[in-house]
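Here's the structure we're looking at; comments come further down.
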Amino acid sequence: MTESPLVKDLNSAQREAVAAPLGNQLVLAGAGSGKTRVLVHRIAWLMEQQSVSPHQVMAVTFTNKAAREMRERLTHLIGDRLGPRGVHSMWVGTFHGIAHRLLKAHWQEAGLSQNFQIMDSDDQLRLIKRIYQTLALDDSRWPVKQAQWYINNQKDEGLRPAHIDPGHDPFAQTMKLVYEAYEEACENAGLVDFAELLLRSHELWLKNKSLLDHYQRRFVAILVDEFQDTNSVQYAWLRVLAGHACAVTAVGDDDQSIYGWRGAKIENIQQFENDFAPVGVTRLEQNYRSTSTILSAANAVIENNFGRLGKNLWTDGGEGEHIDLFAGFNEQDEARYIVERVQDYLREDGSRARTDCAVLYRSNAQSRILEEAFLRENVPYRIYGGQRFYDRLEIKNALAYLRLISSRQDDAALERVINTPTRGIGAKTIESIRIFARDQGCSLYAAMQAALRNKVFSARAAGALNGFVALIDELEENVAQLTLGEAAELVLEKSGLVEFHRKEKGEKGQARVENLEELVNACRLFEPQDEEVTPLQEFLANAALDAGDGQADEFEDAVQMMTLHSAKGLEFPLVFLAGMEENLFPHKMSLDEPGRLEEERRLCYVGITRAMDKLVISYAESRRMHGNENFNAVSRFIREIPQNLVREVRIQSTVSRPASYSSSSATRQTEVDDFPDLKLGQSVLHPVFGEGTITQFEGRGAGAKVYVNFMREGGKWLALQYAKLEVV
Ligand code: ATP
Ligand code: MG
């Protein structure tokens with residue numbers, strides 16, 4: 001084999017995959033085994049050794065951040081030869097990003113308006129609420145969120161309303177109606193949701209053969225990372241595009257499939273072997289990321305799942321340190337501990353960076369307590385996912401102005417800003433515009449102008465509306481002559497948004513103003529790539545797609561905080577898994593369904609395998625959630641890790657604890673002397689709460705308590721002396 005630098009730092013299985021002849025390939029391997037590395041080297045190899053041009057390659061990544069990293073790594077590997085423009089001309093992005101690019105280029109063929117806008121999940125929910133009003137639907141009977149879920153789900157499965165036969169099921173009948181009305185509203189307003197991007201471009205392939213032909217001839221190789229999390233429509237899209245001639249490399253790990261709840265299909269991996277036959281399958285078994293302790297813990301946890309494709313992951317790295325387990329007596333205590341550990345870690349070795357530390361949690365809501373703890377100690381942190389920069393209220397409002405300037409049809413944007421900041425346009429006026437728009441089948445903006453011409457409003461309302469129309473027109477006129485940064489600045493100032501937040505009391509207003517300033521910065525630094533659209537349009541599309549990766553303080557050295565879902569594909573020397581409690585993780589929504597519980601376990605596997613050198617797991621014995629004090633049992637995933645890999649951490653002094661507190665009591669005590677029949681895992685019957693399973697003991701003698709997870713009532717602490725539990 002040629003000793004190209006492209007294969008020099010690879011093991012033999014990796015080399016085989018990288019240097020394989022052009023053809024379909026599946027790389028199926030566990031976490032940290034170099035799948036993403038193989039994918040990047042494969043692209044470089046194709047260009048260098050097979051004379052494939054960057055123009056002929058498409059790489060699908062899971063996040064925009066991953067796409068950027070991939071470009072950087074390619075530039076590093078072969079950039080000299082291709083020049084920076086070379087790597088840039090390659091299509092790298094998420095399924096959504098690539099579908100969007102296609103629709104932008106072929107909006108006419110796809111039946112879209114030229115300035116169609118991407119609608120995020122908030123806008124989508126608002127739109128469905130409006131449809132509920134029109135259809136006079138009862139939200140308490142058919143929750144709006146459920147309708148949103150339904151619509152997205154149908155689209156992910158590739159289904160339009162016409163494909164759905166609701167039979168006599170009232171739920172399905174109602175949802176179909178909502179879906180139909182929703183489609184019409186999106187069509188009229190020129191709005192496209194995330195799932196629509198894929199579905200629409202898939203339909204475009206099917207109905208426009210010459211276009212499909214063009215792209216099929218263009219792409220010689222398509223490579224997909226994190227293949228286990230593709231959904232039905234993504235898979236169908238890929239299959240059609242690839243046709244018979246294109247070489248597809250799919251890279252994935254069935255144990256890391258964590259988006260089942262959003263329609264991802266693990267089965268696509270097996271399906272791939274059939275549909276894309278012949279497929280060369282490579283398995284990578286050596287893990288290069290983690291210590292053997294961390295890897296053994298991950299393997300032990302995931303072994304509890306059934307129906308895995310099965311793999312053997314090993315490392316010749318050292319054993320490393322124990323996994324630390326910390327029990328906080330409440331969530332504050334837990335957060336304080338994590339911050340202290342980060343500080344100790346940085347103090348121990350001056351060459352370490354904050355970005356080496358990641359705190360991972362199951363739900364976004366958990367971040368606030370942790371954030372406060374970091375803030376108190378002045379440790380910079382950065383959140384990926386959750387309240388991300390482009391998700392913040394003031395940013396969305398600012399973008400809505402820009403969107404409206406760019407397309408008057410954008411109803412969602414108009415709804416957002418027509419009276420923000422307040423300019424005396426009341427709810428009644430807005431409602432009458434909506435009704436008018438509905439009757440006329442036109443955009444809200446057009447309805448507003450028509451209603452103004454017909455003089456249907458009171459003088460006051462008409463004055464306010466005229467002011468708004470004049471503002472948007474004036475802005476559009478000016479923006480056309482300015483750079484993007486200047487345009488953003490002008491819009492923020494003239495719209496009154498900056499002033500509005502400046503007047504807000506307290507730090508929140510201040511933070512909002514700072515965020516708006518940061519948005520102007522982002523506009524200034526924005527480098528347009530796409531010559532077919534204006535820089536503003538490109539910026540807006542990126543902001544909508546990018547929510548999640550686009551934080552302004554990206555380059556500051558900060559502790560990384562994110563949900564487990566967002567941590568996919570990443571790695572960090574020091575990882576904290578926080579809030580490892582039943583009901584939190586595994587999430588309580590998953591406890592009744594074996595399938596979902598297994599998905600939670602895969603998420604835990606993802607979490608553990610992010611750690612390179614050191615893993616710290618923590619939980620809180622009591623936690624305030626939704627205003628109540630909860631006593632959750634220790635997560636079952638902790639119990640699935642072999643004891644010999646774990647070291648319980650005790651803190652002697654720094655924080656005051658309740659007198660009875662002992663960090664080990666909750667995890668180690670497996671029985672109570674006076675009740676020899678009761679053991680961890682034992683099924684019991686309670687006269688009131690019914691059947692449950694013992695998951696914890698605490699204390700001895702008269703003070704002994706037992707924690708039972710009841711099938712009906714959830715988890716409860718009971719005093720053993722009075723509980724009257726029967727063994728079943
Ligand atoms: P995940 O499943 O988490 O996405 P992955 O299989 O994609 O993981 P990579 O991120 O590609 O794994 O690789 C994990 C780490 O191991 C990276 O730091 C990578 O640089 C390193 N690595 C991979 N292969 C080798 C190798 N042959 N020699 C040295 N380091 C390697
Ligand atoms: Mg990877």
Side-chain angles (χ1 to χ4, degrees), residues 58 60 62 93-104 106-107 109-112 116 118-121 124 127-128 146-167 169 171-187 191-209 211-213 215-216 219 222 224 226-244 246 248 250 252 257 259-276 545 595:
M58 175 188 287
V60 185
F62 206 73
T94 61
F95 273 112
H96 289 114
I98 290 174
H100 177 250
R101 185 167 179 170
L102 277 166
L103 293 178
K104 268 288 174 210
H106 306 288
W107 56 273
E109 294 96 319
L112 289 165
F116 75 87
I118 302 173
M119 176 170 49
D120 69 9
S121 139
Q124 188 185 34
L127 180 60
I128 300 174
Q146 208 170 356
Q148 181 179 29
W149 179 85
Y150 176 88
I151 291 171
N152 292 336
N153 213 327
Q154 302 306 314
K155 291 193 180 189
D156 285 344
E157 291 297 320
L159 300 174
R160 294 287 184 197
H163 301 130
I164 299 166
D165 173 13
D169 177 6
F171 172 76
Q173 287 172 341
T174 313
M175 289 301 117
K176 183 174 173 176
L177 274 181
V178 177
Y179 189 9
E180 277 164 353
Y182 173 82
E183 288 227 307
E184 199 185 319
C186 288
E187 204 77 40
L191 292 170
V192 167
D193 61 44
F194 276 87
E196 182 74 23
L197 291 171
L198 257 305
L199 180 53
R200 184 72 72 135
S201 62
H202 179 236
E203 289 168 348
L204 182 63
W205 293 149
L206 298 183
K207 74 177 182 205
N208 197 324
K209 289 274 176 264
L211 198 69
L212 175 62
D213 222 43
Y215 283 103
Q216 283 186 335
F219 291 116
I222 302 179
V224 187
E226 307 277 3
F227 187 73
Q228 75 280 358
D229 274 323
T230 48
N231 65 27
S232 297
V233 74
Q234 290 166 343
Y235 183 84
W237 183 95
L238 177 69
R239 200 176 160 196
V240 175
L241 172 61
H244 298 292
C246 175
V248 179
S257 159
Y259 281 93
W261 54 283
R262 246 171 42 182
K265 299 262 159 60
I266 297 191
E267 305 88 277
N268 285 345
I269 297 180
Q270 281 125 330
Q271 196 70 29
F272 181 82
E273 287 196 67
N274 298 329
D275 293 344
F276 289 76
L545 288 166

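If you're wondering where the values come from, they're calculated on a predicted model, not measured in any experiment. In this chain, residues are counted from 1 in sequence order.
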Inter-residue atom distance [X].[atom1] - [Y].[atom2], 0.5 Å rounding:
X      : Y      : atom1 : atom2 : result
Arg239 : Gln271 : CZ    : CD    : 7.0 Å
Leu204 : Leu212 : CG    : CG    : 9.0 Å
Asn153 : Trp261 : CG    : CH2   : 11.5 Å

For [X] and [Y], which heavy atoms make the closest approach, and how far apart are they?
X      : Y      : result
Leu103 : Ala110 : CD2-CB, 3.7 Å
Gln234 : Asp229 : OE1-O, 3.9 Å
Asn231 : Gly263 : CB-O, 3.1 Å
Val60  : Thr94  : CG1-C, 4.1 Å
Glu157 : Ser232 : OE1-OG, 3.3 Å
Tyr150 : Ala172 : OH-O, 4.3 Å

- Message: Pairing donors with acceptors under 3.5 angstrom, does anything connect the side chains of Gln148 and Gln146?
- Response: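 Short answer, no.
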- Task: For Asn152 and Gln124, test the side chains for any donor-to-acceptor distance below 3.5 angstrom and give the result as yes or no.
- Result: yes
- Going through the checks in order, is the side-chain contact (heavy atoms from CB on, under 4.5 Å) test met by Leu127 and Cys186? CA-CA 9 Å; Leu127 180 60; Cys186 288; 3.8 Å; yes
- Item | Derivation of the side chain to side chain donor-acceptor pair (under 3.5 Å) call for Glu226 and Gln228 | CA-CA 6 Å; Glu226 307 277 3; Gln228 75 280 358; 2.9 Å; yes
So [Y] and [X], do their side chains get closer than 4.5 Å, heavy atoms only?
X      : Y      : answer
Val240 : Tyr215 : no
Glu183 : Lys155 : yes
His100 : Phe116 : yes
Arg200 : Leu112 : yes

- Task: Measure centre to centre between the rings of His202 and Tyr235, then say whether the value is under 6.0 Å.
- Result: no
- Query: Are Arg160 and Glu196 within salt-bridge range, i.e. N to O under 4.0 Å?
  - Reply: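 Counted as a salt bridge, because a side-chain N and a carboxylate O are separated by less than 4.0 Å.
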- Which word best sums up how the rings of Phe62 and Tyr259 line up, parallel for under 30°, tilted for 30 to 60°, or perpendicular for over 60°? tilted
- Do the ring planes of Phe95 and Trp237 sit parallel (below 30°), tilted (30 to 60°) or perpendicular (above 60°)?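 Ring orientation, 0 to 90° scale: perpendicular.
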- Heavy atoms of other groups near Trp149 CH2, more than 12 under 6.0 Å: no
- Item | Gln270 atom CD: more than 12 heavy-atom contacts under 6.0 Å | yes
- How far apart are the C-alpha atoms of Phe227 and Leu238, what are their side-chain angles, what is the distance that settles it, and do they pass the side-chain contact (heavy atoms from CB on, under 4.5 Å) test? CA-CA 11 Å; Phe227 187 73; Leu238 177 69; 3.9 Å; yes
- Carefully, step by step, assess Leu198 and His96 under the rule side-chain contact (heavy atoms from CB on, under 4.5 Å). CA-CA 6 Å; Leu198 257 305; His96 289 114; 3.4 Å; yes
Using only atom types and a distance under 3.5 Å, with no angle test, would you say the side chain of [X] pairs donor to acceptor with the backbone of [Y]?
X      : Y      : value
Asn268 : Thr230 : yes
Gln173 : Gly167 : yes
Lys176 : Ile164 : yes

- Is there a side-chain contact (heavy atoms from CB on, under 4.5 Å) between His106 and Asn208 once you walk through the steps? CA-CA 11 Å; His106 306 288; Asn208 197 324; over 6 Å; no
